[in-house]
Peer 1: 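Mind looking over this structure? Questions follow.
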Amino acid sequence: MKYTSTRDRLVKASAAQAITQGLSREGGLFVPEAIPVLPPDTIETLTGMDYAGRARFLLSRFLTDFTEEEIASCVQGAYGTGAFEQDRPAPLAKLSDGVFAMELWHGPTSAFKDLALQILPRLMTVSAKKVGLSKTILVLAATSGDTGKAAMEGFKDVPGTKIAVFYPADGVSRMQKQQMVTQEGENVFVCSVDGNFDDAQTGVKQIFGDEGIERLLDENGIVLSSANSINWGRLAPQIVYYFSVYCDLVQGGEIQAGEKVNFAVPTGNFGNILAAYYAKQMGLPIGRLICASNSNNVLTDFIRTGKYDKKRPFSMTISPSMDILISSNLERLLFDVSGRDADKVASLIAKLNTQGEYTVDEAMLAKIRTHFYGGYCSEGETKATIQSVFGRHSYLCDTHTAVAVKVYEEYVKETGDTAKTVIVSTASPFKFPGSVLTALDAGLAADDEFEAAQKLSDYAGQPIPAPLRGLREKAVRFTGNCAKEEMAPAIFASLGIRV
Ligand SMILES: *Cc1c(COP(=O)(O)O)cnc(C)c1O
């Protein structure tokens, strides 16, 4: 299978090229030339397998230039060697009749990014060999909090790679920040940027598009790549858990094979929910995809009206990993629903860049609305939902997951759709303990996030996940901060390159 670009149909790349390059030259995103449609007995086949088996089966449909052994070794390293509790990356919890939570936070950083970022470095090293790349790969990532940590955990001390992560100085939680600044590994670099996530992401994109920087790095034996969710090597592994949880529901007798299931996904950069959309295109029986946003509700408006308008105030919320106004992966959906019209996508994105908005045509909007429902919730509603879910179902959810639960409840009220639904739970509640704790009981404030985690553990009778325990005592290794115009110089300095 070949990959093309969302902005230029003449681009043709192998999976290995798409993964090492990250972004296509003209700025478009790599997408498969056609989404593979799987035979009807796929669910039956997959149901008999463990997570690693399901991952091998599905990834081999996309990574056609990889050998079976290569895929098996990447999958085994990521999902079969204890990085995830009990080697179960996507366990299922039942909230009530017909409503489930898929918990994607049992990995090394307690957030869903681990599912892709434990395997991406492995896919990237194999890909680099295939394309004959002998240079050091420098992975560059902007993070709203969870990606950066998960990427560094994945790439730390991987031979032939380095990783540089930028996070917004005031846009991540105390816990997230502590996770990042204490990161271990000889090949990692972390720096905060003055501004919000979009500033950091825009800075990273500019570095990728800068030929002067590319040349300078090249002279020093370095080539850039991306670990942001625009990299195909992150998206493909995310498709796996949608199939996997469906199989688990069949196996547990909760659904009949073939029965349609909805997914409610707390959404920021549109990567997680896009993987669900691809799973649906591949034949997984999915009804509606419920796209849940916090008060940065640009996607809600887009799905309801067809107008994407980023010109609005940026809110900092208690679900910071969704504080995003430019959802990069949406470009891949635009490509699909436009009938794979790269010129149209390029012109929409150009409008977004110059005018801050674009509007899709009726046909595109109609397609989007058959697959997606968009909703958002306020900070107050997020907290009230954490409390009510704990009260009603004895289920402790984090701030991001709560947004999905609330929007799902609104969806049911609005549509009366009672199809079985999986809430995609994207972070451990202990990753945002202060917000979760005060949502449960306003009288329970703690002095800091670490004390909050302990109080939350006592209150809910649940242990703090191992990766978050002992974080407070860890040595801080990175204290750097820079202006958004100074990200490239910060990278050069960290690499010891004189400009
Ligand atoms: C990254 C993240 C999201 C948003 O996922 P996207 O793929 O960017 O839409 C939601 N919740 C948590 C906890 C995250 O880390």
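Atoms within a ligand are numbered from 1 in the order they appear, just like the ligands themselves.
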Peer 1: Taking N or O atoms only and a 3.5 Å limit, does D146 qualify as a polar contact for ligand 1?
Peer 2: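 By distance alone, the answer is yes.
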Peer 1: Just heavy atoms, cut-off under 4.0 Å: does F270 contact ligand 1 by side chain, backbone, both, or neither?
Peer 2: backbone
Peer 1: Against Y3, only a single residue in W232, F30, F62 fulfils ring pair (Phe, Tyr, Trp, His ring centres under 6.0 Å); can you say which?
Peer 2: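 Single pass found, and it is W232.
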Peer 1: Would you say G268 has any N or O atom under 3.5 Å from an N or O of ligand 1, going by distance alone?
Peer 2: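 By distance alone, the answer is yes.
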Peer 1: For the 3.5 Å polar cut-off, considering only N or O atoms, please tell me whether G271 and ligand 1 meet it.
Peer 2: yes
Peer 1: Students should be able to answer this: which protein heavy-atom is nearest to atom 5 (O) of ligand 1, and at what distance?
Peer 2: F112 CE2, 3.5 Å
Peer 1: Pull out every atom of ligand 1 sitting under 4.0 Å from any heavy atom of A427, numbered as shown with elements.
Peer 2: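 Selected atoms, number and element: 13 (C).
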Peer 1: With R304 as the cation and Y373 as the aromatic partner, state whether NZ or CZ is under 6.0 Å from the six-membered ring centre and within 45° of the axis.
Peer 2: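 R304 over Y373 ring: yes.
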Peer 1: Can you check which of N269, T401, T267 brings a heavy atom nearest to atom 8 (O) of ligand 1?
Peer 2: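 Looking at heavy atoms only, the winner is N269.
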Peer 1: Between Y242 and F263, is the ring centroid distance below 6.0 Å?
Peer 2: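 Centroid distance Y242-F263: below 6.0 Å, so yes.
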Peer 1: Checking side-chain polar atoms at under 3.5 Å, does T399 have a donor or acceptor matched by the opposite partner on S319?
Peer 2: no
Peer 1: For the residue pair L440 and Q387, what are the closest heavy atoms and their distance?
Peer 2: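 For L440 and Q387, the tightest heavy-atom pair comes out as O-NE2, 3.1 Å.
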Peer 1: With rounding to the nearest 0.5 Å, note down the distance linking CG in L396 to OG in S428.
Peer 2: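 So the gap between those two atoms works out to 8.0 Å.
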Peer 1: Measure the distance from atom 1 (C) of ligand 1 to every protein heavy atom, then report the residue, atom name and distance (to 0.1 Å) of the closest one.
Peer 2: K113 NZ, 1.3 Å
Peer 1: What is the closest protein heavy atom to atom 7 (O) of ligand 1, and at what distance does it sit?
Peer 2: N272 N, 2.9 Å
Peer 1: When you measure from the centre of the six-membered ring of F84, is the NZ or CZ of R88 closer than 6.0 Å and no more than 45° off the axis?
Peer 2: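 Because its charged atom misses either the 6.0 Å distance or the 45° angle limit, R88 does not stack over F84.
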Peer 1: Please verify whether a non-hydrogen atom of S229 lies at under 4.0 Å from ligand 1.
Peer 2: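 It does not, in that no heavy atom of S229 comes within the 4.0 Å cut-off of ligand 1.
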Peer 1: Could you identify the single nearest non-hydrogen protein atom to atom 10 (C) of ligand 1 and state the distance to 0.1 Å?
Peer 2: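 For this ligand atom, the closest protein heavy atom is P266 O, 3.5 Å.
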Peer 1: Given that the side chain starts at C-beta and the backbone is N, CA, C, O, which of these parts of T426 lies under 4.0 Å from ligand 1, counting heavy atoms, or is it both or neither?
Peer 2: both
Peer 1: Can a donor-acceptor pair be found, under 3.5 Å and without considering hydrogens, that links the side chain of D146 to the backbone of A111?
Peer 2: no
